[in-house]
Amino acid sequence: MPELPEVETVRRQLQPWLSGRTIARVELLAPPGPKYASLERAAGQAIERVDRRGKFLLMPLSGGDELIAHLGMTGVLTPGGTGQPGKHLRVAVDLEGAAPNRLEFNDPRRFGRFLVVRRGEYGALPTLAALGPEPFDESFTGARFYQALQRSQMAVKTYLLSQRPVAGVGNIYADEALWRVGVHPLTPAARVKKEQASQLLAAVRDVLAASIEAQGTTLADYRTVYGESGDYADRLDVYGRAGQECRRCGGRLERLVVGQRGTTYCPDCQRRPTDRRRRAK
DNA sequence: CGCATTTCCTGGTAGC
DNA sequence: TGCTACCAGGAAATGC
């Protein structure tokens, strides 16, 4: 499922092809709705560039609008124009100029979004409006991350998934980063120590950077713009490995549910924070 | 406002 | 083989 590394991979591939291109028309094949709002406004505007914030692709348009794509779980962007439209084609963007001159958005599960807003006006996208810092922003320090964590009593994993303390971390990389620093996913965010917070931010950066280098993690649906799989799945230490052995201590990885999300962790490396109510054994 | 819960959606798969 | 039941989950909507 596309998280920051997968979206960044797609961005890097789209950028040289799409930037500067003028949109001739946009065809909406999905039922109209807020997930596909205002697409008709894009016609006649040029795509200035392809940016990314967290898991959102942001394409500022020359007429003062902005085209926003979120891949959800199963969204795939591909240069189209070949063959018949697929069963799950939701949006097709026709471009002026030489082929390939069509961008297709396929999304079997329809969790994705593909819409136009006035530039910078993210009222329809509250998560984007309240998005935390980009993890690779150099002015984003461990101290600032610690301050952000201090503001919430939520389980640290759930808080990471909210996109508020840092942008772009999803279920896979949250589990990976927490395992790397030995923090239990249910630890209240505000109880993460200052030193741990710095280590956690460093771990988030390391795992995201390594995955970007591998062009992301393909478990099922994610593909790059050119249809390739991401190779990071082979390097996952915890996600999807419940019941297998921990690569650090050799113990058995366990699965639990945190904030309605499947979570894998090592009960030996990631100790639960002290619970005062726990009875003596 | 903060946080928990529910909803959206369908391919894949386990079980019979 | 074909059927049902259930699971996966990012973000928004809803509830308290």
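All values below come from the heavy atoms of this structure, side chains included, with hydrogens, waters and symmetry mates left out. Order of the sequence lines fixes the chain letters, A, B, ..., with proteins taken first and strands second; residue numbering starts at 1 for each chain. Nothing here was measured: the structure is a model prediction, and the numbers come from that model.
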For this session: Taking atom CZ of A:Arg247 as the centre, report whether more than 12 heavy atoms of other residues, nucleotides or ligands fall under 6.0 Å from it.
Result: yes

I need the [atom1]-[atom2] distance between [X] and [N], as an integer number of Å.
X	N	atom1	atom2	result
A:Arg90	B:dC9	CZ	P	10 Å
A:Glu6	C:dG9	CD	P	14 Å
A:Gln153	B:dA4	CD	C1'	15 Å
A:Asp175	C:dA8	CG	C1'	14 Å
A:Arg223	B:dG11	CZ	C1'	14 Å

Counting the atoms with a prime plus P, OP1 and OP2 as sugar-phosphate, which does [X] contact under 4.0 Å by heavy atoms, base, sugar-phosphate, or nothing?
X	value
A:Tyr173	nothing
A:Ser152	sugar-phosphate
A:Arg110	sugar-phosphate
A:Gly262	sugar-phosphate

For this session: Indicate, with yes or no, if A:Leu29 and A:Leu95 share a hydrophobic cluster defined by side-chain heavy-atom contacts under 4.5 Å among Ile, Leu, Val, Met, Phe, Trp and Tyr.
Result: no

Exercise. Taking the side chain of A:Met154 as heavy atoms from C-beta outward, which of B:dA4, C:dA8, B:dT6 is closest to it?
Worked result: B:dA4

Problem set entry | Distance test, side-chain N/O of A:Lys87 to OP1/OP2 of B:dT10, below 4.0 Å | no

Problem set entry | Short side-chain N/O contact to B:dG11 OP1/OP2 from A:His88, under 4.0 Å | yes

Problem set entry | Residue mapping more 5' on DNA chain B - nearest nucleotide basis, A:Gln260 or A:Arg109 | A:Gln260

Problem set entry | Polar contact flag, side-chain donor to acceptor under 3.5 angstrom, A:Asn106-A:Lys87 | no

Exercise. Considering the terminal five base pairs at each end of the helix from B:dG2-C:dC16 to B:dC16-C:dG2, what angle separates the two local helix axes, rounded to 10°?
Worked result: 40°

Exercise. Distance-only, no hydrogens or angles: does the A:Glu254 side chain make a donor-acceptor pair with backbone N or O of A:Tyr265 under 3.5 Å?
Worked result: no

Seminar exercise, completed: Protein-proximity profile, nucleotides 10-16 of chain C, B/S/- by nucleotide at the 4.0 Å heavy-atom cutoff, equals BBS----

Problem set entry | Minimum-distance pair of heavy atoms, taken over all atoms of A:Ala177 and A:Ala203 | O-CB, 3.9 Å

Exercise. Checking side-chain contact (heavy atoms from CB on, under 4.5 Å) against A:Arg12, which of A:Ile212, A:Val50, A:Val7 comes through?
Worked result: A:Ile212

